[in-house]
Amino acid sequence: MVFDIDMIKSVYAAFPGRIAAARKAEGRPLTLTEKILYAHLSEGEASEKHERGVSYVDFKPDRVAMQDATAQMALLQFMQAGRSKVAVPSTVHCDHLIQAEVGANPDLAKAKDKNREVYDFLSSVSNKYGLGFWKPGAGIIHQVVLENYAFPGGMMIGTDSHTPNAGGLGMVAIGVGGADACDVMAGLPWELKFPKLIGVKLTGKLSGWTSAKDVILKVAGILTVKGGTGCIVEYFGEGAHSLSATGKGTICNMGAEIGATTSIFGYDEKSEAYLRGTDRSEVADLANSIREHLTGDPEVYANPEAYFNEIIEINLSELEPHVNGPFTPDLAWPLSKFAAAVKENNWPQKLEVGLIGSCTNSSYEDISRAASLAQQAVDKKLKAKSEYTITPGSEQVRFTVERDGFLGIFENMGGVVLANACGPCIGQWARHGAEKQEKNSIITSFNRNFAKRADGNPNTHSFVASPEVVTAMAIAGDLTFNPMTDTLTNEEGKQVKLEEPAGLELPVKGFAVEDAGYQEPAADGSEVEVKVAPDSERLQLLEPFQPWEGTDLKGLKLLIKAKGKCTTDHISMAGPWLRYRGHLDNISNNLLIGAVNFFNDTTNKVKNQLDGSYGEVPAVQRQYKLHNIGSMVVGDENYGEGSSREHAAMEPRFLGVRAILVKSFARIHETNLKKQGMLALTFDNPADYDLIQEDDSLDIIGLDSFAPGKPLTVLCHHADGSKDEIKVNHTYNAGQIRWFKAGSALNLVKDNAI
Ligand code: SF4
């Protein structure tokens, strides 16, 4: 048993009281989302009303899940917290670093060799600090979580954007950055702006070629890639209860593509069947005992307009299969209109590759339905005209579908089974010929289809559909093929038609697996050694940052005055740099290399005030560090928008930047800076940005009385001897000021001072 039954019991024990308090605070019936959110508020916030889209609220999530790429820095930071074990049940999943090239076994062997030091580190650090470790080949994080850890009414954060997959089993599951995961593992609360709520009412029942994937493809078309921002999407209605738990997972998973914080379904008979089918009857029994709390109140669903910020209604009986794309997941085409769209837009009609699987669509149901089409292809003497790959989501699913003969059917059709990992979905695809950048089409059952995502070729037109539609199109080798209406010519020259796909939600003989690939942590990890080679390029143990010296900061050099947009990608670029995401010193060589220097309109070229020369930003900053001179970065509006990557805050701190002064911050980045012990300041008068000159030496005054709501002063000493005094603001509360003084939030945790 890998799930933590005692934790689930204690969460459920608190439910009735928490929900009663929430009803009182809100003064009305509650949606499911509100029940779960209120049940997970940090102590002290439970009896207050929290305003949607406005209040920032502290939560206590039940679990943390991390994939191998993002877990590295999260765990390196966690090691700084001085705890012997993680504060909440947590897991690590090795799925993102496995490249698809030939097929499952050789690809997995190659990845183990290439990423050995990363896997050894993650395995040993998990073993020491009490985290469950899922080895390479065990499966994709979200599928493994759904099969083992997700539970109705729970709250989880995960360091991956498709964490919401667990919403299919009634969990509020939210994708976050590594710093947030580190905080929760260290026992700190986790802050979220109380979300707005979108209700999706599902009526009718799916049939024929339509599947759960088509629900989210349709919703993406309605809401677009931004329509769910700041919202949780709650699905309800009789149609919701007709969907399998894994089908619901597919819908919640791809909710990330509309920008939603997460998506969720209520607990029902399908959830119960899935829990029992995945050997968690104990969880199902517990969930049944508080069933009424694991769905929205009846008044809410009877009159949803009064309780949700927005309502969408979809009749599953009328829903058509959809194909979305290319290049964006919200360009939604009903299948009957897609062929015309392909021709009108001159998209390559020939389909090169069909890919099924990924965390979005790799359940037993998905694979059995796709296999029913593959079997028809064999029976009707059709050979797949496109290349065709299958990525099982977990070893448990892979083992079971192999036992039940489905993998053999795919292979008979010419399909290639890839490792249980992300592979082509995250660009880990050694696709032969992609470097020629030819215009071509592929179709996948994944979730994202932005340019270059799968194979690095900007001219690959990538479309997203259900595994069934992907399989039918791969058989036809033609994007204009509509399996609902069209026939195909078989090897004997006869016209044949594919019948509707058929499959099973759960295996009749139950799931089976020989080695799921799970490593249980040591009961006492005190003697376990964390493996990091001292000469590693990819991993480096962190040293705590120095505490504040207790004085005003004087004589800081201006490192760069960034002009215009400066996202976390400009501050800490991705691409090849991701290789170093576990090595702070090495990745710091990308510090601000994408930011435009106000004084020369160029990236990565700033003045070194020590000798007047111009150099690359990280190199100049390393010179200041060498001479023990602090520096300051100045920026424009919304500095640090984009991904929540913590490296964008850790790198400047590591290299000796003391403060970031901007017109305004993106909130998550501002908080990340505070956590690392940096000063995050804003101009009281944004026009003062113009006062900052290239040769400035800067003092930050007022730190001896640093207090919430009290502005500080920045003194600019210009090269000509003149001075400007600038009023600057900050949003530090008392606790965050203590982070600054301690040198970082984790230093404080370590001192047991929080
Ligand atoms: S399969 Fe794709 S979407 Fe899912 S976790 Fe992996 S990379 Fe992300």
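These numbers come from a predicted model, not from an experiment. In listed order, ligands and their atoms are each counted from 1.
T328 places no side-chain N or O within donor-acceptor distance of the main-chain N or O of L331, the cut-off being under 3.5 Å.
Residues in residues 416-444 take part in these salt bridge (Lys or Arg N to Asp or Glu O under 4.0 Å) pairs, two or more places apart or across chains: R431-D455.
Contact annotation: for R453 versus ligand 1, heavy atoms closer than 4.0 Å belong to the side chain alone. The side chain of N447, and not its backbone, has at least one atom closer than 4.0 Å to an atom of ligand 1 (non-hydrogen atoms only; side chain from C-beta on).
Judged by the shortest distance from any of its heavy atoms, E257 lies outside the 4.0 Å radius around the atoms of ligand 1.
Taking CG from D62 and CD1 from I157, the interatomic distance works out to 11.0 Å, rounded to the nearest 0.5 Å.
The shortest distance between side-chain heavy atoms of V219 and M254 does not fall below 4.5 Å. Between R280 and Y274 the shortest side-chain heavy-atom distance falls below 4.5 Å. Taking the side chain as every heavy atom from C-beta outward, H96 and D160 approach each other to under 4.5 Å.
Within the sub-2.8 Å shell of atom 6 (Fe) of ligand 1, the protein contributes these N/O/S atoms: C422 SG.
The aromatic rings of F463 and F338 sit perpendicular, their planes meeting at an angle over 60°, well past the 30° parallel limit.
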